[in-house]
> 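Here's a structure for you.
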Amino acid sequence: MPVSDLREALSAVSATSDDLAGVETDWTGRVTGRALAVALPSTVDEVAAVLGVCRAQGVRVTVRGGGTGLVAGAVPDDTVVLSTRRLDQVGPVQDGSLVAGAGVTLRTVQDRARRAGWDYGVDFASRDTATVGGSVVTNAGGVHVVAHGTTRAQVLGVEAVLADGSVVRRLAGLAKDATGYDLGQLMVGSEGTLGVVTAVRLRLVPRLTGLETALVGVASVADAVALVAAVKQRAAGLRAAELLLPEGVALVREVAGLPALTPAAAYVLLEAQGGLEDALGQVDVVDAAVALDAASAERLWAYRERMTEAISTLGVPHKLDVSLPFGQLGPFLAALPGALGGHTAHVFGHVGDGNLHVNVLGPDPEDETVDDAVLRLAASMGGSIGAEHGVGRHKRPWLHLSRTPAELAAMRAVKTALDPDGLLNPGVLLP
Ligand code: MLT
Ligand code: ZN
């Protein structure tokens, strides 16, 4: 079928967009693909109709949310882009949860929750653009995983359209429901390969006030890890434990115009309900800047929040998002230079979760030598090659480092059962 006819068939069942360029590249600029058309359905029936047109024409579909993903999981490959942005309905807060369409931004969920006296347990810097649907299918993490778990832990129910156009819907959010396979949780982390998530019921968390925030300089990465261990044990309601290194701090200061910090070998940004002072007394600390109000806490968070943007001013980074057993964080960082092939890396991350973001600068976008070396290093230390960004296209060749042949076969069997023709997100997640 000529592309013009395909676009006409799609426009008969859903809104479409001519802005193909806006959906063809991943956020980092590392990967660009080709979209045949962009469909913008605004109801679950329209999503099913878009899939029906594509199925009938033998054209495959790439599902795309806010476009803030970092593993090229929503970059088209001669596919129709199904944008979830118009699935933007939000229901009322009821019994500590709400239903949000896949295209609702994280910020909107947070705002709705806070207005009702609650909070949403997931937060990360791209909150204004990232969508609920994208965060669910990548099982996104962010800065509050130490307190609330990843997105998976917030998902109480899912509505999704399967490749054959059927709709699975469990949005009631019953506290107990032991009636078989949890199809909603199966969609979490599926990266759009098993169905198009159209809406989710999200658990909300109590809204905390009077949080303590501190940016603590320490003499070594080992001390940073020891500090986080002490804080986990002693501080009440730990909400965030983020690692920054001096090179990253210098960069973010330059880009964001932030004041200098006392020189240290590593910095840990901590947020807790109480007990930080007690925990800080247990370890050697070079310096600690403590926020006394919300405005000063925001100033401390800026060193962490602006990091991704600051790194992207240096070029197209190879973003390697690994997690490690807590005790291996120091050894991993010590061994990392040997895996970089002489390139530089900016490392930061969610130290409380054992999750480091290794941003390598220098290699050509298509050169995967350094990706291979760093991911193998993490896997050899018992870590994961994809902690919170997902697998997408980038990490697919290394999935076997984190998943056994039996697991990969089971994943493939699930994919084949739900999407036998490979309609959804080809090239993503599974080898
Ligand atoms: C973050 O923690 O800021 C995000 O995962 C984004 C990134 O890794 O750059
Ligand atoms: Zn992160």
Side-chain angles (χ1 to χ4, degrees), residues 26-31 65-74 105-107 110 121-131 134-153 189 191 215 228 239-245 247-249 251-252 255-256 258 267-271 298 300-324 329 332-333 336 344-361 365 371 374-375 378 383-392 394-395:
D26 78 324
W27 189 88
T28 65
R30 192 174 168 193
V31 181
T68 57
L70 297 171
V71 289
T105 64
L106 202 65
R107 165 80 80 183
Q110 293 169 344
V122 174
D123 191 24
F124 43 81
S126 57
R127 61 184 75 80
D128 289 328
T129 317
T131 58
S135 70
V136 167
V137 300
T138 56
N139 188 21
V143 292
H144 297 320
V145 173
V146 277
H148 306 300
T150 62
T151 298
R152 183 183 297 288
E191 304 196 16
L215 184 54
V228 172
R239 279 239 305 173
E242 299 287 310
L243 178 76
L244 303 173
L245 295 176
E247 305 75 30
V249 168
L251 175 67
V252 84
V255 171
L258 302 174
Y267 299 87
V268 183
L269 181 63
L270 296 165
E271 192 175 84
E298 207 170 298
L300 295 183
W301 268 102
Y303 292 89
R304 171 62 182 84
E305 286 258 296
R306 309 275 312 259
M307 192 62 77
T308 301
E309 161 204 350
I311 290 169
S312 69
T313 63
L314 299 177
V316 175
H318 289 230
K319 285 196 157 284
L320 304 167
D321 160 44
V322 298
S323 65
L324 292 141
L329 287 167
F332 173 82
L333 284 172
L336 183 63
T344 52
H346 278 285
V347 182
F348 65 98
H350 316 285
V351 61
D353 314 325
N355 177 192
L356 296 175
H357 296 316
V358 180
N359 293 259
V360 187
L361 290 144
D371 305 58
V374 173
L375 297 179
S384 168
I385 59 125
E388 62 165 9
H389 295 169
V391 175
H394 279 161
K395 306 270 188 70

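Quick caveat, the model's predicted, so the values are computed rather than measured. We're numbering straight along the sequence, starting at 1. For ligands, and for the atoms within them, numbers begin at 1 and follow the listed sequence.
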> Which of parallel (below 30°), tilted (30 to 60°) and perpendicular (above 60°) describes H389 and H357?
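Aromatic pair H389/H357 classed parallel.
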
> Around the Zn ion (ligand 2), how many protein N, O or S atoms are found at less than 2.8 Å?
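For the Zn ion (ligand 2), the figure is 3.
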
> Could you walk me through whether T150 and D353 pass the side chain to side chain contact (heavy atoms under 4.5 Å, CB included) test, one step at a time?
CA-CA 10 Å; T150 62; D353 314 325; over 6 Å; no

> Mind listing the N or O contacts between ligand 1 and protein, cut-off under 3.5 Å?
unit_1	atom_1	unit_2	atom_2	d
ligand 1	2 (O)	R304	NH2	2.6
ligand 1	2 (O)	H350	NE2	3.1
ligand 1	2 (O)	H357	NE2	3.1
ligand 1	3 (O)	R304	NH1	3.2
ligand 1	3 (O)	R304	NH2	3.3
ligand 1	3 (O)	T308	OG1	3.4
ligand 1	5 (O)	H357	NE2	3.0
ligand 1	5 (O)	E388	OE2	3.0
ligand 1	5 (O)	H389	NE2	2.7
ligand 1	8 (O)	H389	NE2	3.3
ligand 1	9 (O)	T308	OG1	2.7
ligand 1	9 (O)	K319	NZ	2.7

> Mind checking the CG-CG spacing from D321 to L70? Nearest 0.5 Å is all I need.
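Here the rounded value is 8.0 Å.
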
> Under 3.5 Å, is there a donor-acceptor pair between the side chain of T151 and the main chain of A140?
yes

> Look up atom CZ in R152 and atom OG in S135, then write down how far apart they are to the nearest 0.5 Å.
12.0 Å

> Could you state the interatomic distance from CG (L356) to NE2 (H350), rounded to the nearest 0.5 Å?
9.5 Å

> To the nearest 0.5 Å, what is the distance between CG on N139 and CD on E191?
10.0 Å

> Distance check, rounded to the nearest 0.5 Å: N355 atom CG versus S384 atom OG?
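Here the rounded value is 8.5 Å.
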
> Check this for me: does any side-chain nitrogen of one of D371 and R30 sit under 4.0 Å from a carboxylate oxygen of the other?
yes

